Structure formats: C-alpha cells, structure tokens
*Asks:* 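Okay, here's the structure, questions in a sec.
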There are 2 protein chains.
Amino acid sequence: MVDETTYQLPRYRELYEQLRRHIEEGIYGPGDLLPSENELCAVNQVTRPTVRRALDLLANEGYIKKHQGLGSVVQNPPKGIGILSFSGTTSAIGKDNLKTDAIVKPYVMPWPDQFIFDLTDTERESGCIYFERIRYVNEIPVFYDLSYLPNINLPRFTSRNLNNASLFDILREHYRIEIKGGMQYIEAIPATENCQKHLGVDPEKPILKLQRKMETNRLDFFVYSILYCNTEEHSLYGEF
Amino acid sequence: MVDETTYQLPRYRELYEQLRRHIEEGIYGPGDLLPSENELCAVNQVTRPTVRRALDLLANEGYIKKHQGLGSVVQNPPKGIGILSFSGTTSAIGKDNLKTDAIVKPYVMPWPDQFIFDLTDTERESGCIYFERIRYVNEIPVFYDLSYLPNINLPRFTSRNLNNASLFDILREHYRIEIKGGMQYIEAIPATENCQKHLGVDPEKPILKLQRKMETNRLDFFVYSILYCNTEEHSLYGEF
DNA sequence: CATTACGACTTGTCATTACAACAAATTTTA
DNA sequence: TAAAATTTGTTGTAATGACAAGTCGTAATG
C-alpha cells in the first residue's frame, strides 16, 4: 500500500494557507490591508463564504484583525510561542529554531493510574504507546513533552524515529490521522525532578504544565500529552 | 440620554445562547446528541448557515463536538476555569461561586513604563484608568487582577462600584463597549510580594501570569489586564 | 453465520444572492 | 472655514440550493 498523501484540501483551507504564507513572507506587512473579500473572490475564483472562512481562520490565529467597514488588517507577529492554537508546536515556532530530541523512545505500556483524562474501555484495554521528548528553541530546552497514544492500529510506530519530526506529521503521513482540535488544562507548578534534569532549571523554579487531549479524524482516537514549559525566556501566547 | 441596552442580537447568537442554556440546565446531557441541523432549522425558523454558526460557537467553547455523519455530541463540563475563551471570567465560573473585591478603586494615572503591549499615541497621552481586584472562588482568593483602561470617553467610571460586578457588563451597559476578543501571554512566575499578600501564598509559590489585550467594538479602544492566578486548586482550561 | 451492499440520515463544502452596518472619503451646506 | 450630509467601499448577517463525505442500521448475498 502506498502512502497516498494527496489529500484534496478544501478551497477555503487552500486559500488560508496561501494567505498565511504571504503574510509570513512579508508580502503583506503589519498594518497593511488585505485585499477586500470581493477582490479575493475575483482573484481566486471563489465566493465570499469561502473567502470568509479562510479569513476567519487567519483571524482566529491572530494573523489579521477584521474591522467592519474597513477591511482585514495584518497584525504584528506575536513575540511568544503560539502553542495554544490548533496548529502543532512545530509550526508555532518555525522549524529552523526548533530541535526535537526523543529521550525516551516509544514503547508500549499500560496507561498510568490516575490519568487525568477519562479513558474508554477500548483505550484502557489496549494500553498506550509512551515516549518522551525535549524540544529546544534556539538550542535551549524549553519543552519537556510526555506523549501517550492508544495502542490501536499503529503498526511499526514504536520503531519510528521521532527526532526532529513532528508527531502530527508522522500521524498524518503514515497513519492518515489528522489532529482536529483538543482541550487542555493549564497550571503553574514547581519544577519536578525530571523537569530540573531535562530543562536545566533549579528546584522550585515555576514551570508551566499543560495537559492536553487532542481529537482526530478517527472517531474515538485521541492523542494525549503532558507538556512542561520553561516560560522564563519564551512566554506562550494565544488568541481568544 | 437613556441607556438603551436593547441590542438586537444576531439570530445565530440568540440560538447559541439558547442552546448553551439548555446544555447548562441539563436539558441536553453529556453524550446526548443535539437535534440535527435540519431539525434546528425547522424548529427555530432559520436556515442551515445560521444554525451552523451557532453550533460552531458551541464547539469552539467545548460544549459540543461535531462529528460528520453522526451529529453534535454534548460534552462533559470541564473541571477547570474556562478563562481562556472569549467570555469573561464571570461567566466562566458561574456567578454563585465568584466574589469580586475591588481592593484598589479606579483612578487615573499615567501608563506604566515598559508596558508589555504597544500603545497608540492617543492612548499614551490620555493616561489610563487603573484598578485592582481580587476574585474569590468558593471564598478562596484565586485571581489577582490589575486592569488598565485608556482614559478616553468613560465619564464617571472612576466613581463606579466594581464589587461583585463584571467589568465587561459595566462596559456594555453604561458605555456600549463590547469585548470582541483578544490575545494573551501566559507564563509561570514565582509569587510576587503582592501575590503573596493578596492570594495568601508563600514566596516562591508558582503563579500563573496572564497578560491580556482585549479588543472592543470601538476601533482603537482596548482593555488591558494582568491576571495572577493561583492554580493549585483550580487549573485553567481551554479549547484549541 | 459472516460479509457485503445499500439506503437513510448526518455534517462538510461551496456557489449565489440580497441587504444591513460600519468606516472613510467626498460633497454639500451653513 | 467648519460642520453636516452623501456617496462609496468594506465587512456582517442571512436565506437558498446543491452535492460530497461520513456513520449507522438494515437488507441482500455468499
């Protein structure tokens, strides 16, 4: 069986990707007005609802602000790491500055006791694939990431190389699993022993802890992760 | 001039509020399917685009999950405080459990040096209205909130009573200012002196710091706030 | 009995049209 | 000259119609 990664993206998604690229490449700079919705319709041969869906995506991620009667204004790129939006950590920082190190390779184990999220019987019975990664921003360890996947229909996953590869990309390309969204709990905690070791911080150093449950296009297939962030140099940002 | 607070909510917003009430009142319980989009169209005398906008709002706030081919499934209410979504802190917890204490009453002062957000010349020149509040959840102080409003066109604001009143409600009812969205930076820090005093925590206790810039329906009018959260008992949650 | 195929129903995408609400520039008016 | 009204262009809301894609139960099939 071939990978067959030629998904047909919806048109509003294509337009979104195109506009996002244009903004990131500086073709539209901060403060600029995007072409009006009607212009975008004419240029791209689509109708306004399609254009508006694309613009809504851009607005939700903070690339633009829409103003009735005025237009869509391109925003300044934010200073922090946009890990709170649906796109993965990788795209939030830019691949150049991000290195990933799989310090614990994926292996199958039972789910932890007192797992914060509720598990279905199917998930509980099949156990989980577990691995740990550290993510470096500009050579400095910022994220310490524990991942939990249900051990269902993921052939050869435990032998894959996760270094410098986005987990989301692997799931999409090899297993046709797309992350659609999710929810997360956020709290501030003192650095645990592992945090001290892997993030190189002192005990009692405040650490941001994110516990996430992500949905996929497979019904009843969720990806879980616990993220410890050292926010001293890089704060996180999000839209709301 | 009279207050004239009779806004005409758009129909998708009305439908959203209605469905949200139904979910919160338990008319639709976790795991239940909402009526199909076509049914909602027929019952409420609107068309599918309108219904879908309402459902999208519910989905973005985690009340439902939509599944193609299946329907809209009502979700379990999350355990944390949903402060990361666009609805204000008040509605995120439920007014019964939330008490607000204005420990520093609003007064006019110049903007702080090194304010984290960029200010326009107009904002900078007119100074800011500043006040501090503590928010209690179940009688325990959880939020320590510093607010900054530009001192533009807000008559009598400094003499208003902010105790047990939502800032957003006051802005909407008396000044016709609606919060439309915003962005925030999140980091974990050791408890500052004021945090220790007002949140009743030890030094070096990890505290969640949120710095927020909120947009309104007034072009170029923003509301700023710095929120310190003790997440030991109540972690924050959000959708993404 | 197990498997497959089909149909009914659901949400997802997209084109089309119309009008309302708002911002900014222009023109008119005082 | 300055203020008010108008015009133009923009995004916001909404109705309508059509088809694609996914889920699930049921009937046909082997």
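This structure is a prediction, so every number in the text was calculated from the model and none was measured. Computed over heavy atoms, backbone and side chain alike; hydrogens, waters and symmetry mates excluded. Residue numbers begin at 1 in each chain, while the letters A, B, ... track the order of the sequences.
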*Asks:* Does Glu215(B) have any side-chain contact (heavy atoms from CB on, under 4.5 Å) partners at least two apart in sequence or in another chain, and if so, which?
*Replies:* Lys65(A), Phe222(B)
*Asks:* Can you name the side-chain contact (heavy atoms from CB on, under 4.5 Å) partners of Arg53(B), sequence neighbours left out?
*Replies:* Tyr12(B)
*Asks:* What nucleic acid atoms does Arg52(A) come within less than 4.0 Å of, heavy atoms only: base, sugar-phosphate, or nothing?
*Replies:* base
*Asks:* With a 4.5 Å limit on heavy-atom distance, are the side chains of Thr100(B) and Leu162(B) in contact?
*Replies:*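 Not touching, per the 4.5 Å side-chain cut-off.
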*Asks:* Could you tell me whether the side chain of Tyr28(A) reaches within less than 4.5 Å of the side chain of Ile64(A), counting heavy atoms only?
*Replies:*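 SC-SC contact between Ile64(A) and Tyr28(A) ruled out.
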*Asks:* I need the CG-P distance between Leu33(A) and dT11(D), as an integer number of Å.
*Replies:* 8 Å
*Asks:* Can you check the Tyr16(A) OH to dT13(C) P distance for me, whole Å?
*Replies:* 15 Å
*Asks:* Grab the N/O contacts between the protein and nucleotides 4-10 of chain C below 3.5 Å, and write none if there aren't any.
*Replies:*
unit_1, atom_1, unit_2, atom_2, d
dT10(C), O2, Gly69(B), N, 3.4

*Asks:* With sequence neighbours excluded, tell me which residues meet salt bridge (charged side-chain N to carboxylate O under 4.0 Å, His left out) with Lys213(A).
*Replies:*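 Scan of Lys213(A) (salt bridge (charged side-chain N to carboxylate O under 4.0 Å, His left out), adjacent residues dropped) gives none.
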*Asks:* Kindly check if the number of other-residue, nucleotide or ligand heavy atoms within 6.0 Å of NZ (Lys105(A)) is above 12?
*Replies:*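 Not more than 12 within 6.0 Å, no.
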*Asks:* Between dA21(C) atom P and Lys180(B) atom NZ, what is the distance in whole Å?
*Replies:*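 Rounding to the nearest Å, NZ of Lys180(B) and P of dA21(C) are 16 Å apart.
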*Asks:* For Arg218(A), what residues pass the side-chain hydrogen bond (donor to acceptor under 3.5 Å, both in side chains) criterion, not counting sequence neighbours?
*Replies:*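 Result, side-chain hydrogen bond (donor to acceptor under 3.5 Å, both in side chains) vs Arg218(A): none returned.
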*Asks:* For the helix from dC1(C)-dG30(D) to dA30(C)-dT1(D), what angle separates the axis at the start from the axis at the finish, each from five pairs, in steps of 10°?
*Replies:* 0°
*Asks:* Whole Å only: how far is the CG atom of Leu9(A) from the P atom of dA21(D)?
*Replies:* 14 Å
*Asks:* Nearest-Å distance, CG (Asp56(A)) to P (dT13(C))?
*Replies:* 13 Å
*Asks:* Rounded to whole Å, please give me the gap between CZ in Arg176(B) and P in dC22(C).
*Replies:* 10 Å
*Asks:* Can you list, pair by pair, the side-chain donor-acceptor contacts under 3.5 Å of residues 149-160 of chain B, counting residues two or more places apart and other chains?
*Replies:*
unit_1, atom_1, unit_2, atom_2, d
Ser159(B), OG, Arg156(B), O, 3.0
Arg160(B), NE, Tyr175(B), OH, 3.0

*Asks:* For Tyr12(A) and dC14(C), is the shortest distance between a side-chain N/O and OP1 or OP2 below 4.0 Å?
*Replies:*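 False: Tyr12(A) side-chain N/O out of range (4.0 Å or more) of dC14(C) OP1/OP2.
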*Asks:* Please produce a list of atom pairs where a protein N or O lies less than 3.5 Å from an N or O of nucleotides 5-7 of chain D.
*Replies:*
none

*Asks:* What residues, two or more places apart in sequence or in another chain, satisfy ring-ring contact (aromatic ring centres under 6.0 Å, His included) together with Tyr148(B)?
*Replies:* Phe115(B), Tyr130(B)
*Asks:* Does the side chain of Thr47(A) reach to within under 4.5 Å of the side chain of Thr50(A), using non-hydrogen atoms?
*Replies:* yes
*Asks:* Checking side chain to side chain contact (heavy atoms under 4.5 Å, CB included) for the pair Leu84(B)/Leu84(A): CA distance, chi angles, key distance, verdict?
*Replies:* CA-CA 10 Å; Leu84(B) 305 166; Leu84(A) 305 166; 5.7 Å; no
*Asks:* Tabulate protein N/O versus nucleotide N/O from nucleotides 15-18 of chain C, keeping only pairs under 3.5 Å, one per line.
*Replies:*
unit_1, atom_1, unit_2, atom_2, d
dA15(C), OP2, Thr47(A), N, 3.2
dA15(C), OP2, Thr47(A), OG1, 2.9
dA15(C), OP2, Thr50(A), OG1, 2.6

*Asks:* Does any pair with a residue in residues 107-129 of chain B pass salt bridge (Lys or Arg N to Asp or Glu O under 4.0 Å), and if so which ones, sequence neighbours excluded?
*Replies:*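 Of all non-adjacent pairs touching residues 107-129 of chain B, none passes salt bridge (Lys or Arg N to Asp or Glu O under 4.0 Å).
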*Asks:* For Glu17(A), what residues pass the side-chain hydrogen bond (donor to acceptor under 3.5 Å, both in side chains) criterion, not counting sequence neighbours?
*Replies:*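 By the side-chain hydrogen bond (donor to acceptor under 3.5 Å, both in side chains) rule, Glu17(A) matches Arg13(A), Arg20(A).
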*Asks:* To the nearest Å, give me how far apart CG (Leu55(A)) and P (dT10(D)) are.
*Replies:* 13 Å
*Asks:* To the closest 0.5 Å, what do you measure between CE (Met214(A)) and OG (Ser147(A))?
*Replies:*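 So the gap between those two atoms works out to 7.0 Å.
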*Asks:* Let me know the distance between CG of Leu40(A) and P of dT11(D), rounded to the nearest Å.
*Replies:*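 In whole Å, dT11(D) P lies 8 Å from Leu40(A) CG.
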